[in-house]
Amino acid sequence: MVDYDEIIKLSLERGFYFPSSEIYSDAPAGFWEYGPNGVGIKNRFMELWRKELVRKDGMIEIDGSQIMSKNVFKASGHLNNFSDPVIMCSKCNHTLRADKYINEKIGSDITEGVTNEEIDIMIKRYDLLCPKCMSKFNSSEKFNMMFKVEIGPNKEEAYLRPETCQTIFVDFSRLFKIFRGKLPFAIAQVGKSFRNEISPRQSLLRLREFYQAEIEIFCNPNHLDKLSKFEELNGTNLIIEIDSQVYELSAEEAVKKNIVPNKLIAYYLCLLTLFYEKTGINMKKTRFRKLKDNEKAFYASIALDFEVHTSLGWLELVACNYRSDYDLKQHSLLSKKNMEVIDPENQEKILPHVFELSLGIDRSIYAILEHSFFFDDQNKRRVLGLKPYLSPITVGVLPLTKNQEFESISKKIYKELIRNFDVYYDASGSIGRRYRRLEEIGVPYAITIDHTSLIDNTVTIRDRDTMKQDRILIEKIKPFLNENLDF
RNA sequence: GCGAAGUUAGCCUAGCCUGGUCAGGGUACGAGCUUCCCAAGCUCGGGGUCGCGGGUUCAAAUCCCGCACUUCGCACCA
């Protein structure tokens, strides 16, 4: 059984990822570095995302700032809503979510926007005490999950973005004009987001600084079922869970039976499904889970999480939220910029609605590693069965033994390939050991130069998964790799 | 943030209770022999001052205190 511990061990041993600033004892939790092999997978994962979502659907991509002004988050609601009221026991420091605790104790429904004063009054009135040691609470505080930064000598208040999509919303008007937008109009972005998590855990699964790949689809809310390109994908199989009931059916049926509310959402769920199929994640262990009202983010009216089953349970990889016109409305109110557009379809003037696919890159990388890694007991090997196009190294070049002639040919081949591929040259240790080393970091192919190579200009090329070897001409190596890297 | 348990070379681990040849093993890594196509064997080699800081002591990985981090549980995870 491959579990979290195996993956973290592999990551540390082979340089996929490791804790940041680890040589210092005050290194804060929740910050991790990608090592060479991790970057290799991450970059390839992003390339796949671009091909399967951005290019396939004709989206545009931007790369925005990580620090944004206070007003952005005033408008987005993060300044008010992205925080929890917290009460701490004066004696044992036990910390609780104030609203949850009060609701649980007195059975009333405290709303999201409750103030600290209101909470303190409630605590006093009902004489609520720490459930652990029965002492009094300190006055309540709001813990905001955003990192505050100070800009310039006057220390103007700004924040590290807690989600990348706010950049897309504030840039929307300009982009729509410049790129002669038609609805639906999709804008994509890859970048870092920052959340001051109370307790980061489990390496890449809950970070304070993390990568997101977000897609915001601006659409006409009156035309959500008018999407001709839906026909291209409507046969895609979707797995959807609603209230613990699992439905597995084609996208077309899902829309017909109103399991997915409209064609636009269904279409993008299909694109996402087809993308993840190519990452090597076992799609039988995935689902779109419809969130209940109390689980949804403050801006979402319809929310589906794309989840994958791992050794740690169900893991959320992508949040698919229908945000309505919440964000554009808020930004245009506060900035006093009109963000309405004319839908070229019918000259209707509207404020577009937004459906988003907010993808967690780091979690996806973890899920891919866990779903790809396996033990081959028969051959006593640990194999990272990555898709060739996701592997950080594509091919190993190995002289069969330490032999001058083998090595000179090997180096020539290596130099020839390195211009187009990620190649690893290795001449140390027995040939079997070198194959094992490559398999563990997911290298799909290994070229071995042997006695026959000296005579007829051929090498053997070994397949990681089957361990089978074929003999091919040296000049055929490039075409072979190109063919097998295609997806 | 709370509670419990941990932190010894890239990774795993012995030792800590009973302070003084206890820093040892495995694996990984490098060189060589083997010339050998799937982690073999043999020889040699580099790498740790024992999470960080302080205290007790003639003497600390070993006892005490503080801090950081990790794991698990609780809470949190819009």
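The structure presented is a predicted model; accordingly, all values stated were derived computationally and were not measured. Below, read A as the first sequence line, B as the second, and so on, with proteins coming before strands; counting in each chain starts at 1.
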Next on the checklist: I'd like the P distance from C64(B) over to G20(B), given in whole Å.
Outcome noted: 15 Å
Item to check | Plane angle bin for Y322(A) and H353(A) - parallel if under 30°, tilted between 30 and 60°, otherwise perpendicular | outcome: tilted
Checklist entry - Are OP1 or OP2 of A39(B) and a side-chain N or O of S430(A) less than 4.0 angstrom apart? => result no
Item to check | Q202(A) vs C72(B): side-chain N/O to OP1/OP2 distance below 4.0 Å | outcome: yes
Item to check | Minimum-distance nucleotide to M467(A) side chain [options: C38(B), C36(B), C37(B)] | outcome: C38(B)
Checklist entry - Over how many whole Å does the gap from I447(A) atom CD1 to C37(B) atom P extend? => result 19 Å
Item to check | Nearest-neighbour nucleotide for the L12(A) side chain, C37(B), A31(B), C11(B) considered | outcome: C11(B)
Next on the checklist: Between G47(B) and C29(B), how many Å separate the two C1' atoms, rounded to a whole number?
Outcome noted: 9 Å
Checklist entry - Using the ring of each side chain (for Trp, its six-membered ring), is F355(A) parallel, tilted or perpendicular to Y268(A), with breaks at 30° and 60°? => result tilted
Next on the checklist: Please determine whether any donor N or O and acceptor N or O are separated by less than 3.5 Å between the side chain of Y24(A) and the base of C52(B).
Outcome noted: no
Next on the checklist: Please give the distance between the C1' atoms of G26(B) and A14(B) as a whole number of Å.
Outcome noted: 11 Å
Checklist entry - Donor-acceptor pair under 3.5 Å: do we get one between E316(A)'s side chain and the base of C77(B)? => result no
Next on the checklist: Aromatic contact between F218(A) and F172(A), with the criterion being ring centroids under 6.0 Å apart: yes or no?
Outcome noted: yes
Next on the checklist: Side chain of H451(A) only, heavy atoms from C-beta on: which candidate in G30(B), U35(B), G10(B) is closest?
Outcome noted: U35(B)
Checklist entry - Taking the side chain of R382(A) as its heavy atoms from C-beta onward, which of C72(B), A39(B), U70(B) lies nearest to it? => result A39(B)
Item to check | C74(B) and U56(B), which share atom name C1', separated by this distance in whole Å | outcome: 36 Å
Checklist entry - For G32(B), does OP1 or OP2 lie under 4.0 Å from any side-chain N or O of K402(A)? => result yes
Checklist entry - Taking the side chain of Y4(A) as heavy atoms from C-beta outward, which of C77(B), C11(B), U71(B) is closest to it? => result U71(B)
Checklist entry - Of the nucleotides C76(B), C38(B), A40(B), which one has an atom closest to the side chain of R433(A)? => result A40(B)
Checklist entry - Taking only N and O in the side chain of R437(A), is any of them less than 4.0 Å away from OP1 or OP2 of C29(B)? => result yes
Checklist entry - R323(A) and E163(A): salt bridge (charged side-chain N to carboxylate O under 4.0 Å, His left out), yes or no, with the steps? => result CA-CA 14 Å; R323(A) 300 174 75 123; E163(A) 51 179 11; 3.2 Å; yes
Checklist entry - Given the side-chain rings of F147(A) and Y159(A), with only the six-membered ring counted for Trp, is the space between their centroids under 6.0 Å? => result no
